[in-house]
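A short write-up of the structure that comes next.
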Amino acid sequence: MELRDIEIFLVLTEELHFGRTAERLLVSSARVSQAIKQQERRIGAPLFERTSRRVALTPIGRQLRDDLAAGYQLIQDGIERAAAAARGLSGTLRLGTMDATLAEIPDVLDTFRTRHPDCELRIREAHIGDPFGLLRSGEVDLQLVWLPVEEPDLTVGPIVLTEPLVLAVSARHEFAGRTSVSIEDLAIGPVFRTDDSVPAYWAEAINPTQTPSGKPIPRGPSSATAHETLTAIAAGLGISPVPLHAVKYFPRGDIAYIPIHDSPTLAWGLVWRTAAYSPLAQAFTRAATDTLAAPTEPTKNPTSSTRRP
């Protein structure tokens, strides 16, 4: 099957209209019809059901679409990467981050800038109240976000940072003088919740709904940003597990950060829209992968955030 015939087939699976497919590919309707008939003869079964009113995929057509789409995208990505390498990457990479996580991977940024000095890096802040909004609206090309991310339209790339959680409480809270706490202590609550629009599984990575022994963790008011959460904690309206890097970048006299001795490990990864993985986003992902694969000096602070092993 020729690459052009594969392209005609895949576009027709999206448009489900021979005329629109021809217009989109700048070919004649006869060329589209001929290509599909040739493919059906080669396969030995109809790929589309055609009537005077509609065009629909047959079960075999759907299977072929699913099998070909991933391979075709790999071919297109490879061609685009080769073309980008030939002309040299330039332009602007729009990178979404959450609070201060980007400051924890300076070596990744250095690698990307060294490899692509003509590229501009533009940073946008994503918020916990709408963690994937910037990605889905196309306002960023790539985003650093805590995992897991299980969205059908998003692809998860390499893990670039891992860290434990600490418990943030008001400096006046009864836990403030402790040297450590347990996840079981969250049952005292209330713990801030995210809006109902935020995927529950994603919020669970930081704010579990129950302790390991099964005790429910009371929920307090919702917060849409990390700064809102910290302000409410300082006011004594609740407590919240937060990533360890908050201790370094958001020190406050009215908040105590307490180690959680049985904390799970929080992983941060690069995520992009599956249908829009730009050459610049791919270049940044490669820079992250290559940098994190390189040997690193052992950290002197065993409680600090770490790059992915």
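Fair warning: this is a prediction, and the values are worked out from it, not measured in the lab.
- Here CD1 of Ile128 is found 6.5 Å from CE of Met98. Values are rounded to the nearest 0.5 Å.
- Residue Asp196 places its CG atom among 12 or fewer non-hydrogen atoms of other residues, nucleotides or ligands, all under 6.0 Å distant.
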message = Checking Glu184 against Thr211 for the side chain to side chain donor-acceptor pair (under 3.5 Å) test, could you report, in this order, the C-alpha distance in whole Å, the side-chain angles of both residues, the deciding distance, and whether it holds?
response = CA-CA 5 Å; Glu184 291 292 330; Thr211 69; 2.9 Å; yes
ask   = Given the rule in the side-chain contact (heavy atoms from CB on, under 4.5 Å) test, do Gln210 and Lys215 qualify, once you have shown the distances and angles that lead to the verdict?
value = CA-CA 5 Å; Gln210 63 180 26; Lys215 296 177 183 177; over 6 Å; no
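- The shortest distance between side-chain heavy atoms of Arg252 and Thr231 falls below 4.5 Å.
- When every heavy atom of Thr179 is checked against every heavy atom of Ile258, the shortest pair comes out as C-CG2, 4.2 Å.
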inquiry  = salt bridge (Lys or Arg N to Asp or Glu O under 4.0 Å) for Asp254 and Arg172? Distances and angles first, verdict last.
reply    = CA-CA 8 Å; Asp254 51 3; Arg172 304 184 304 277; over 6 Å; no
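- Put simply, the side chain of Val242 does not reach to within 4.5 Å of the side chain of Ile206, judged on heavy atoms.
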message = Would Arg286 and Phe112 count as a side-chain contact (heavy atoms from CB on, under 4.5 Å) here? Give the steps.
response = CA-CA 9 Å; Arg286 286 195 298 274; Phe112 177 76; over 6 Å; no
ask   = Taking it one step at a time, do Arg4 and Arg31 satisfy side-chain contact (heavy atoms from CB on, under 4.5 Å)?
value = CA-CA 11 Å; Arg4 185 58 163 171; Arg31 174 70 176 89; 3.9 Å; yes
message = Test salt bridge (Lys or Arg N to Asp or Glu O under 4.0 Å) on Arg136 and Asp153; report intermediate values, then the result.
response = CA-CA 9 Å; Arg136 287 182 167 140; Asp153 58 328; 2.8 Å; yes
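- In this structure, the side chains of Leu142 and Val271 stay at 4.5 Å or more apart for every pair of heavy atoms.
- Using a 4.5 Å heavy-atom threshold, the side chains of Pro199 and Phe132 count as touching.
- Within 6.0 Å of CZ on Arg122 lie no more than 12 heavy atoms contributed by other residues, nucleotides or ligands.
- In terms of hydrophobic clustering, with Ile, Leu, Val, Met, Phe, Trp and Tyr side chains grouped at heavy-atom distances under 4.5 Å, Ile217 and Tyr201 are assigned to a common cluster.
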message = Go through it in stages, so that I can follow the logic: the residues are Asp107 and Thr291, the test is side chain to side chain donor-acceptor pair (under 3.5 Å), and I'd like the CA-CA distance, side-chain angles, deciding distance and then a yes or no.
response = CA-CA 7 Å; Asp107 44 358; Thr291 301; over 6 Å; no
task = Would you sort out whether Leu95 and Gln143 count as a side-chain contact (heavy atoms from CB on, under 4.5 Å), showing the intermediate values?
result = CA-CA 6 Å; Leu95 179 63; Gln143 185 166 315; 5.8 Å; no
ask   = Passes ring pair (Phe, Tyr, Trp, His ring centres under 6.0 Å), Phe284 versus His116? Steps please.
value = CA-CA 9 Å; Phe284 190 91; His116 308 289; 9.7 Å; no
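- Judged by distance alone, the side chains of Thr265 and Thr162 never bring a donor and an acceptor atom under 3.5 Å apart.
- Looking only at side-chain heavy atoms (C-beta outward), Ile233 and Ser240 come within less than 4.5 Å of each other.
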request  = Dump the intermediate steps for side chain to side chain donor-acceptor pair (under 3.5 Å) on His245 and Asp99, then the final yes or no.
outcome  = CA-CA 10 Å; His245 69 256; Asp99 56 67; 2.5 Å; yes
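- Using modelled atom types and a 3.5 Å distance limit, the side chains of Trp202 and Glu151 yield no donor-acceptor pair.
- When only modelled atom types and interatomic distance are considered, Glu7 and Tyr72 share a side-chain donor-acceptor pair under 3.5 Å.
- Using modelled atom types, one finds a donor on one side chain and an acceptor on the other under 3.5 Å when comparing Ser222 with Asp195.
- Side-chain atoms of Val166 and Ser263, non-hydrogen and from C-beta on, never get closer than 4.5 Å to each other.
- Considering only heavy atoms from C-beta on, Thr101 stays 4.5 Å or farther from Glu104 through its side chain.
- In this structure, the separation between CG on Leu57 and CZ on Arg65 is 5.5 Å, given to the nearest 0.5 Å.
- His17 NE2 to Ser29 OG: the interatomic distance, rounded to the nearest 0.5 Å, is 8.0 Å.
- One finds the CZ atom of Arg41 at 11.5 Å from the CD1 atom of Ile36 (value rounded to the nearest 0.5 Å).
- A salt bridge links Arg124 to Glu139: one of the charged nitrogens lies within less than 4.0 Å of a carboxylate oxygen.
- Salt bridge status for Glu204 with Arg193: absent, with no side-chain N to carboxylate O gap under 4.0 Å.
- Using a 4.5 Å heavy-atom cutoff, the side chains of Asp130 and Ser197 are not in contact.
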request  = Would you check, one step at a time, whether the test side chain to side chain donor-acceptor pair (under 3.5 Å) holds for Ser182 with Asp262?
outcome  = CA-CA 6 Å; Ser182 166; Asp262 53 356; 2.9 Å; yes
